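Letters A, B, ... mirror the listed sequences (proteins, then strands); counts begin at 1. Fair warning: this is a prediction, and the values are worked out from it, not measured in the lab.
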There are 2 protein chains.
Amino acid sequence: MTTEVSPGAAPDAEDDGTRWLDTGEQRAWRAWLYSTQLLQERLERELMRATGIPHAYYEILVQLSETPDRQMRMSELADRCLSSRSRLSHAVSRLEERGWVRRQVCAEDGRGLLAVLTDEGFAALEAAAPVHVESVRTHLFDQLSAEQVAAMEDIGRTLLRHLDPD
Amino acid sequence: MTTEVSPGAAPDAEDDGTRWLDTGEQRAWRAWLYSTQLLQERLERELMRATGIPHAYYEILVQLSETPDRQMRMSELADRCLSSRSRLSHAVSRLEERGWVRRQVCAEDGRGLLAVLTDEGFAALEAAAPVHVESVRTHLFDQLSAEQVAAMEDIGRTLLRHLDPD
DNA sequence: GCGGAATAGATGAGCTCTCAACTACGCTTA
DNA sequence: TAAGCGTAGTTGAGAGCTCATCTATTCCGC
């Protein structure tokens, strides 16, 4: 009867200025919240168990691999990974320990560093990619119709324009 | 040119049995991945900064508040929060320290415990709810058309049937 | 050139989550 | 009623993330 977001017996009636969610909105919100949460956890766990690579680290390797010379400035890498500078810095330290990435001083900017994907790192990515793609296909694309996939992209793009206007 | 999931120059051509994503699927996947990631982080940060409550803890309070007597078995609470037993156990310990939840032995089952929402916990939820609802509305519902909301619910339900068949 | 603001990145503490044990109780069967 | 198994929940170690802080370098205006 009550809702995720409005505790109490009939709080929607209280005119406190809050734009509460109506029943339909709540259904939609919960479906979205739970499905994204479960999907992300599922993908994370499958990738982790099969390869020992957390998805956030996988994303770093992917971004570096897509660059012509497999290297990128730390701050640009952070942006592309939707990561904070701090998070990326910690993550690259771990990846360095694995021998998959190394830091290289940047010629143009004395403050800057380049994250460079090593051959070992590329090999690790090559080994992990099929596992992850299969997970995405199994749990996402195999479940949705073409129309649903199109709608998903449309919704995602719409939200991105608001959340990350570049 | 290359993709998130298939490293290298033209790996899709390699017939290694992997059902790689085509360009359109990749666009859709990235839009979904990035938008969900950004939205979740945004909601988490806004709730955390305004109230000091992580979203996972908020969800626990919500589930307890929606129950008639504001209490629930630990394991059922874990299921409803899409949480592992371990995660819930740790979280409830923290919530106990805040005085928002207490554990009570279960009469019917000597192994079981009830998590009980205290008045302080309910008050904390009441204070937090408007903040969180406003975030959800601002960053989600205000951005989407009615058709997009309907599609979002449809996609979410479809994925849930697969990921969490209950 | 020089001083102050902005930028690049690192660092450490604190927190949450995961994973793998581990304890304790209930249920079933012989 | 005792053995064995499944279930409920906890615990601790290890890992990643956030936030605030810190250092080093560059940029900009005078």
Side-chain angles (χ1 to χ4, degrees), chain A residues 37-38 40-61 64 71-98 100-116, chain B residues 37-38 40-61 64 71-98 100-116:
Chain A
Q37 212 162 297
L38 282 177
Q40 282 187 326
E41 286 173 8
R42 188 79 152 248
L43 297 176
E44 172 75 32
R45 201 166 338 112
E46 289 184 353
L47 182 61
M48 191 66 186
R49 292 187 83 83
T51 70
I53 308 177
H55 188 262
Y57 291 12
Y58 180 84
E59 185 71 23
I60 293 172
L61 300 181
L64 288 176
Q71 59 185 33
M72 202 184 293
R73 284 291 295 273
M74 290 290 286
S75 36
E76 182 172 355
L77 186 53
D79 289 346
R80 297 214 190 202
C81 294
L82 300 184
S83 168
S84 70
R85 310 292 169 92
S86 170
R87 178 154 114 206
L88 181 69
S89 186
H90 285 295
V92 166
S93 297
R94 299 301 148 267
L95 291 172
E96 268 191 312
E97 291 168 6
R98 299 192 190 194
W100 293 353
V101 170
R102 61 187 167 72
R103 277 180 246 244
Q104 188 176 296
V105 294
C106 177
E108 298 95 46
D109 190 332
R111 299 165 298 181
L113 290 177
L114 288 163
V116 183
Chain B
Q37 210 162 298
L38 282 177
Q40 282 187 327
E41 286 173 9
R42 188 79 151 246
L43 297 176
E44 171 76 32
R45 201 165 339 111
E46 289 184 355
L47 182 61
M48 190 68 185
R49 292 188 83 82
T51 70
I53 308 177
H55 187 262
Y57 291 11
Y58 179 85
E59 185 71 22
I60 293 172
L61 301 181
L64 287 175
Q71 60 185 31
M72 203 184 292
R73 284 290 295 272
M74 290 290 286
S75 36
E76 182 172 354
L77 186 52
D79 289 346
R80 296 214 190 201
C81 293
L82 301 183
S83 168
S84 69
R85 311 289 169 95
S86 171
R87 177 154 115 207
L88 181 70
S89 186
H90 285 296
V92 166
S93 296
R94 300 301 148 267
L95 290 172
E96 268 191 314
E97 290 168 6
R98 298 192 190 194
W100 292 354
V101 170
R102 62 187 166 74
R103 276 182 246 242
Q104 189 175 296
V105 294
C106 177
E108 298 95 45
D109 190 333
R111 298 165 298 179
L113 290 178
L114 288 164
V116 183

Closest listed nucleotide, where the reference is the side chain of B/Arg103 and the choices are D/dC17, C/dG9, D/dG9: D/dG9
Touch class at under 4.0 angstrom, heavy-atom based, for A/Ala56 against every strand present: sugar-phosphate
Under 4.0 angstrom between B/Tyr57 side-chain N/O and C/dT16 OP1 or OP2: yes
Dot-bracket notation for DNA chain C, counting Watson-Crick and G-U pairs under 3.5 Å, with | for partners on another strand: ||||||||||||||||||||||||||||||
Nucleotide nearest B/Arg85 (side chain, heavy atoms from C-beta), chosen from C/dT11, C/dC17, D/dA8: D/dA8
Please tabulate, one pair per line, each protein N/O and nucleotide N/O from nucleotides 19-25 of chain D that are separated by under 3.5 Å, including the distance.
{"unit_1": "D/dC19", "atom_1": "N4", "unit_2": "A/Ser86", "atom_2": "OG", "d": "2.6"}

Touch class at under 4.0 angstrom, heavy-atom based, for B/Ser89 against every strand present: base
What pairs of donor and acceptor atoms, side-chain ones from residues 74-86 of chain A against any protein atom, are under 3.5 angstrom apart with sequence neighbours left out?
{"unit_1": "A/Glu76", "atom_1": "OE2", "unit_2": "A/Arg80", "atom_2": "NE", "d": "3.0"}
{"unit_1": "A/Glu76", "atom_1": "OE2", "unit_2": "A/Arg80", "atom_2": "NH2", "d": "2.5"}
{"unit_1": "A/Ser83", "atom_1": "OG", "unit_2": "A/Leu88", "atom_2": "N", "d": "3.4"}
{"unit_1": "A/Ser84", "atom_1": "OG", "unit_2": "A/Arg87", "atom_2": "N", "d": "2.9"}

Any A/Ser84 side-chain N or O less than 4.0 Å from OP1/OP2 of D/dC17: no
Side chain of B/Arg73 (C-beta onward), nearest among D/dG16, C/dG9, D/dA8: D/dA8
Any residue meeting side-chain hydrogen bond (donor to acceptor under 3.5 Å, both in side chains) with B/Glu108, in chain and number order, not counting sequence neighbours: none
With A/Arg73 via salt bridge (Lys or Arg N to Asp or Glu O under 4.0 Å) - residues at least two apart: A/Asp109
Listed partners of A/Gln71 passing side-chain contact (heavy atoms from CB on, under 4.5 Å), at least two apart: A/Asp69, A/Gln104, A/Leu114, A/Val116
